[in-house]
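Have a look at the structure below before the remarks.
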2 protein chains.
Amino acid sequence: MEPWDDIEPAPARKLLVAAIEAFAVRGYHGTSTRDIAGAAGMSPAGMYVHYRTKEELLFRISRVGHERCRDMVRAAATRGGADPAGQLRAIIGDFAAWHAQHHTTARVIQYEHEQLSTDHQAIIVVLRREMESVVRGVLASGTARGEFDVPEIAGTALAMLSSGIDVARWYRDDHSRTPDDIGKLYGELAVRTVRA
Amino acid sequence: MEPWDDIEPAPARKLLVAAIEAFAVRGYHGTSTRDIAGAAGMSPAGMYVHYRTKEELLFRISRVGHERCRDMVRAAATRGGADPAGQLRAIIGDFAAWHAQHHTTARVIQYEHEQLSTDHQAIIVVLRREMESVVRGVLASGTARGEFDVPEIAGTALAMLSSGIDVARWYRDDHSRTPDDIGKLYGELAVRTVRA
DNA sequence: GTCTATAGATTGATAGAC
DNA sequence: GTCTATCAATCTATAGAC
């Protein structure tokens, strides 16, 4: 389901996956290190061999999760072809679909990163800005070409990303729409919003 | 700022306002009853005279906050006049502006209500459905009149509410856009998205 | 209604055996 | 690298004085 296979060694991966599940449901502060270690099949002290603190574990999740989300957004921009409308449809569609498919991870990276240390937050903010700038760039190029009519580029980019982010808040595994359904709808809505 | 003046007696109100501030920053589980009582100028035990448990305090915040949000959405539907476009602009615009202006309260009601007991969650869910149904109703009537072209009413209503909800996640008091700016932009984006 | 004091459980993290 | 045992701090909530 979640592609965490590249996290090594295996006990560190099991702890990370257990932490994502727990953080997504109860939040960072609502999850104890015992919860995490227990869900990974370890004793209460087992976590500390692989992560120095609970905060470091959240940071690892946040950083890798944000990097994957950013890479997905960049890949979508390429996949969308040369015209801004196709790019916007792909970016916003894939972004929303990703937040549905990986809703557990997405919940943690979108709603828990403010619990990180100041230093770690600064690293995450850079990754978030990179994603925003991709969307702004597409809206700007579409506007420059006369294909888009947008009231305000920065605010519109933010609003479009917002609807995708919020998918992580409400999406459940038993939801009637597939992640692909959601991606198609959100891509379509984005293109309709900006058409000249 | 926040209109909690009707909460009586005054110590109960001070505790409630202190809890909102703390829950918005650190979350429900990240906030201790000592934090709340201390910020309200009381001893650690002071909270329990006015609220039986910490969960009951969160429920009070969630219920009143949701009722006010729902009443605001209903008022916006009336304020928007008779045509669906005006109604949609008013509802989505006011909804987003409300989440900016009351971003501290909005953060708590949107992101902490899943920490409530099962019984209390059931009460909150009803209020949330009432808001969603207002938006669905406007999209349906606009579609029936031939003024709107919407790919899917339920999914579109959800996506539009999502962008407003997410304002509570990112809005800060020192943000360059005023709540009114945000309301105007989000109302405009909603109308553009559905125009036939 | 607010206080001090405290019960009883749980927390993040460490020490040391194996 | 994982365990058992444990520390010191903190948690929610209560008891009882005023």
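Chain naming here is simple, since letters A, B, ... match the order of the sequence lines and numbering starts at 1 in each. Only heavy atoms go into these numbers, but all of them, side chains included; no hydrogens, no water, no symmetry mates.
- In this structure, B/Lys14 places its NZ atom where only 12 or fewer heavy-atom neighbours from other residues, nucleotides or ligands lie under 6.0 Å away.
- Within the nucleic acid shown, B/Met42 comes within 4.0 Å of sugar-phosphate atoms alone, with no base atom in reach, counting heavy atoms only.
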Check nucleotides 8-12 of chain C against the protein and report each pair of N or O atoms closer than 3.5 Å, with its distance, or say if there are none.
unit_1 : atom_1 : unit_2  : atom_2 : d
C/dG12 : OP1    : A/Thr31 : O      : 3.3
C/dG12 : OP1    : A/Lys54 : NZ     : 2.8
C/dG12 : OP2    : A/Thr33 : N      : 2.7
C/dG12 : OP2    : A/Thr33 : OG1    : 3.2
C/dG12 : N7     : A/Arg34 : NH1    : 3.1
C/dG12 : O6     : A/Arg34 : NH2    : 3.4

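- With hydrogens and angles ignored, the 3.5 Å screen pairs no side-chain donor or acceptor of A/Glu147 with any backbone N or O of A/Arg195.
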Practice problem: Test B/Val108 against B/Leu58 for side chain to side chain contact (heavy atoms under 4.5 Å, CB included), laying out the working first. | Solution: CA-CA 8 Å; B/Val108 179; B/Leu58 175 63; 3.8 Å; yes
Exercise. Assess whether side chain to side chain contact (heavy atoms under 4.5 Å, CB included) is satisfied between A/Glu67 and A/Leu127, documenting all intermediate values.
Key: CA-CA 7 Å; A/Glu67 284 167 354; A/Leu127 293 162; 3.9 Å; yes
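- Take the nearest nucleotide of DNA chain C for B/Pro44 and for B/Pro9: the residue whose nucleotide is more 5' is B/Pro9.
- By the 6.0 Å contact criterion, CZ on B/Arg52 is open, its count of non-hydrogen atoms from other residues, nucleotides or ligands being 12 or less.
- Not one N or O on the side chain of A/Arg136 forms a donor-acceptor pair closer than 3.5 Å with the backbone of A/Ala154.
- Between the axis at the start and the axis at the end of the helix from C/dG1-D/dC18 to C/dC18-D/dG1 there is an angle of 0°, using five pairs per end and rounding to 10 degrees.
- The aromatic rings of A/His113 and A/His66 lie perpendicular to each other, with more than 60° between the two planes, well past the 30° mark.
- Summarising the local packing, NZ of A/Lys184 is surrounded by 12 or fewer heavy atoms from other residues, nucleotides or ligands at distances under 6.0 Å.
- A salt bridge is absent between A/Asp35 and A/Arg26: the closest approach of a Lys/Arg side-chain nitrogen to an acidic carboxylate oxygen does not fall below 4.0 angstrom.
- Contact annotation for B/Pro11: backbone-only contact, meaning every heavy-atom pair under 4.0 Å involves sugar-phosphate atoms and none involves a base.
- Chain A approaches DNA chain D over the interval D/dG1 to D/dT6, counting the first and last nucleotide 5' to 3' with an atom under 4.0 Å from its heavy atoms.
- Of the charged side-chain nitrogens involved, at least one lies within less than 4.0 Å of a carboxylate oxygen, so that A/Arg192 and A/Glu188 count as a salt-bridged pair.
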